[in-house]
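Taking it in order: structure first as structure tokens, then the write-up.
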Amino acid sequence: MRIDKDSGTQIPDMDLGKSPSGFSILLRELIRDKVAFGSLLFLFLIIAGVFGTSIIMDQSEIIKVDLFALYEPPSATYWLGTDYGGRDIFGQLIIGTRNSLAIGFLVTLLTGIIGILVGLISGYYGGTVDNIFMRFVDFFMVLPILMIVIAFVTAVPGYSILSFSLIMTAFLWMGIARLIRSKALQEKELDYVKASKTLGTSDFKIMFFQVLPNLSSIIIVTMTLNLAGNIGIESGLSFLGFGFPESTPSLGTLISYARNPQTLELRWWIWLPASILIFVLMLSINNVGQALKRATDARQRRG
Amino acid sequence: MSLIEVENLKVHFPVRGGIFQTVKDHVRAVDGVSFSIEQGQTYGLVGESGSGKTTTGRAIIGLNDITSGKVLFEGKDLSTINKKEYIDVRKDIQMIFQDPFSSLNPKKRVADIVAEPLRNYENLSAKEERIRVQELMELVGLSPEAIYKYPHEFSGGQRQRIGIARAIALNPKLIIADEPVSALDVSVQAQVLNFMREIQKELNLTYLFISHDLGIIRHMCDHIGIMYKGRYVEHGTSEEIFTNPQHIYTKRLIAAIPDSNPRNREMHYENRKLVKAEYDKLEKDFFDEEGLPFSLKSISATHQVALPERG
């Protein structure tokens, strides 16, 4: 406490920590929006449940073929029945969701880092730097992603979650780079960037500590929405047979069983749970993404 | 020696065109401007939109590249100085921006905004820094408790004061004020201007005051330069410009200052018509074929005018 000179009243010391930061605003908005909050809780439950149970589950046990239990409908032993190899669907669902989510998170994170770096640097400096970076982006844009991923899958037989994420990242960072670049181009024309320059702040600091926070809203929103998209891309590739082999279950491999008309018609327990799960996951992530989008714009906030 | 001397400053922007984006022409935003400012004085740069007054200010502080000419700050030429030395000089030249809404980062608290220059140049502990920021806030007439607020929680005038607090944080010698009040309410303008004069006395600041408002310039400045199309048309002390304008362009500008006394309205109107008639008659003599003013000629020790070549 200190004493005010003029009035003699006591002024409490201000708290030295952060004032309402962006994070608490996001949280408040999420709590205020019931649907988004429900989605977030649901996502947490799914993620915790999936990653929790997958620790105690044995992947090699689940993918073991059991010829005495082909196409078993759901029962007490097999909660969601078995597939054509007698493998437990419930176990595959857990492991598959874990794999799909892990890839989604990893790809989103990696594309985010590369995209932000490239976009920010080329947008902030503009001119020649921008030209060089954008020609790189253009080059990657014209590559046939599907073809290259398929070629990769055929060429490398034993690929893992990490290598699969890396190959996807290599072809998916351009979108966010372009977005960040266009925003950075706008932002750097504002006077606060010029003010920082005249105050002697280095370009690096201006980019990452002045401009980047002003792009946080757009980054959070695109990353969240990209997460849903990236899980979808993985599932899509697996569905087409170019994702993971059956020995590494994912949501896509489970859904791909539905390509068999008999399975599609008679054995719903094989593909329906995975389909519903991916639908609900996407919906929840998008709900949360929308709420975050609102939170970053003070005019649209509800809380 | 003057604090800052600008000699024949030129800032040209290339105009690109054609298939290969080759340089077709140049926009001569600033085309040969010279002036000098003494320590503790206020120099006013006046002109219409696009006359190059802001570009001049920005070239001095390094936001626009100088095409040719010299900017001597305490004897050092800013256009040829190396990066390391420039960092030191930059500390002594600061800028107040026109728009108080975009010149403060909306994601930063006032404490961080005002402390930005301190963090770049002075190694203060967190506590020292906070005390210094609060001192600065008090100096600009804002509550020291307000440092934990965000810029959007302040009014335009208060925001401009925050901008000023940031500019004076390093005790600079020269402040370039680029239309510091034109984005503000008229009632707040006087308040900010008077406050700028107060801190000028208090901290012995030198101002380069850029404005299009002659009333404000008259109120603030010791010397005035009037720009037109990147060149000077007239230069002199405030007294000389306002009581004895020589160039027809200056005369028209001064005639355009509104008079608040309604009894003089008729007279003022007649005077404006006279000045306009003179301007129309003499326009060909006072500007060359491209419509640019001629080079300056001294008519007294402090007063220079771009008079026609032939007498």
Side-chain angles (χ1 to χ4, degrees), chain A residues 1-7 9-26 127-128 130-131 183 186-220 296-299 301, chain B residues 21 57-58 60-64 86-121 126-127 130 134 138 143-153 163 166-167 169-170 172 175-176 178 183:
Chain A
M1 299 283 260
R2 60 198 188 85
I3 312 292
D4 187 70
K5 278 176 270 159
D6 306 325
S7 55
T9 49
Q10 287 192 325
I11 304 165
D13 280 331
M14 294 295 296
D15 97 271
L16 297 175
K18 294 255 176 217
S19 62
S21 61
F23 186 73
S24 67
I25 293 171
L26 293 182
T128 319
D130 182 36
N131 245 328
K183 291 284 166 192
Q186 279 177 19
E187 205 72 18
K188 73 153 182 181
E189 291 302 325
L190 292 178
D191 275 346
Y192 75 82
V193 175
K194 298 206 172 83
S196 285
K197 279 186 193 166
T198 64
L199 295 169
T201 311
S202 65
D203 283 342
F204 175 81
K205 269 192 185 167
I206 297 177
M207 258 191 278
F208 290 97
F209 299 107
Q210 302 278 342
V211 176
L212 194 59
N214 282 293
L215 305 179
S216 61
S217 60
I218 196 91
I219 291 171
I220 289 169
T296 51
D297 181 357
R299 276 162 296 191
R301 251 175 240 160
Chain B
Q21 293 293 302
R58 293 202 162 171
I60 291 170
I61 206 169
L63 289 174
N64 286 130
Y86 199 80
I87 290 170
D88 290 331
V89 176
R90 182 153 263 180
K91 199 179 152 182
D92 293 330
I93 309 178
Q94 288 298 323
M95 189 157 182
I96 299 170
F97 287 83
Q98 177 177 5
D99 181 3
F101 293 90
S102 79
S103 62
L104 305 178
N105 191 337
K107 291 271 168 164
K108 299 274 175 185
R109 288 179 300 167
V110 174
D112 297 318
I113 291 171
V114 178
E116 193 184 333
L118 300 173
R119 287 174 192 165
N120 289 331
Y121 284 102
K127 198 169 176 208
R130 183 169 57 98
Q134 288 182 331
E138 257 170 295
S143 151
E145 269 65 46
I147 63 168
Y148 293 100
K149 285 187 183 170
Y150 284 90
H152 71 259
E153 297 172 62
R166 178 174 64 179
L170 292 170
I175 287 187
I176 298 172
D178 183 6

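Labels below follow one simple rule: chain letters A, B, ... track the order of the sequence lines, proteins then strands, and each chain is numbered from 1. The shown structure was predicted, so the numbers you read here are calculated from the model rather than taken from an experiment.
No more than 12 heavy atoms of other residues, nucleotides or ligands sit less than 6.0 Å from atom NZ of A:K183.
Of the possible donor and acceptor atoms, one in the side chain of B:R90 sits under 3.5 Å from a partner among the backbone N and O of A:K197. In this structure a side-chain-to-backbone donor-acceptor pair under 3.5 Å is present from B:N120 to A:L199.
If you measure heavy-atom distances from B:R58 to chain A, the contacts under 4.5 Å come from the side chain alone. Using a 4.5 Å cut-off between heavy atoms, B:K108 touches chain A through its side chain atoms alone. B:I87 does not touch chain A: none of its heavy atoms, backbone or side chain, sits under 4.5 Å away. For B:F101, no part lies under 4.5 angstrom from a heavy atom of chain A.
Partners of A:N214 according to the side-chain hydrogen bond (donor to acceptor under 3.5 Å, both in side chains) rule, which considers only residues two or more places apart in sequence or in another chain, are A:Y192, B:N105. Every residue two or more places apart in sequence or in another chain that forms a side-chain contact (heavy atoms from CB on, under 4.5 Å) with B:E153 is listed here: B:K149, B:Y150. Every residue two or more places apart in sequence or in another chain was checked for a side-chain hydrogen bond (donor to acceptor under 3.5 Å, both in side chains) with A:T198, and none qualifies.
Proximity to chain B at a heavy-atom threshold of 4.5 Å picks out A:K205, A:F209, A:Q210 from residues 202-211 of chain A, in numerical order.
Of all non-hydrogen atoms in B:S103 and A:A195, the two that sit nearest each other are O-CB, 4.1 Å.
Ranking B:G62, B:A167, B:S102 against chain A, the residue ahead of the rest is B:S102, based on heavy-atom pairs under 4.5 Å.
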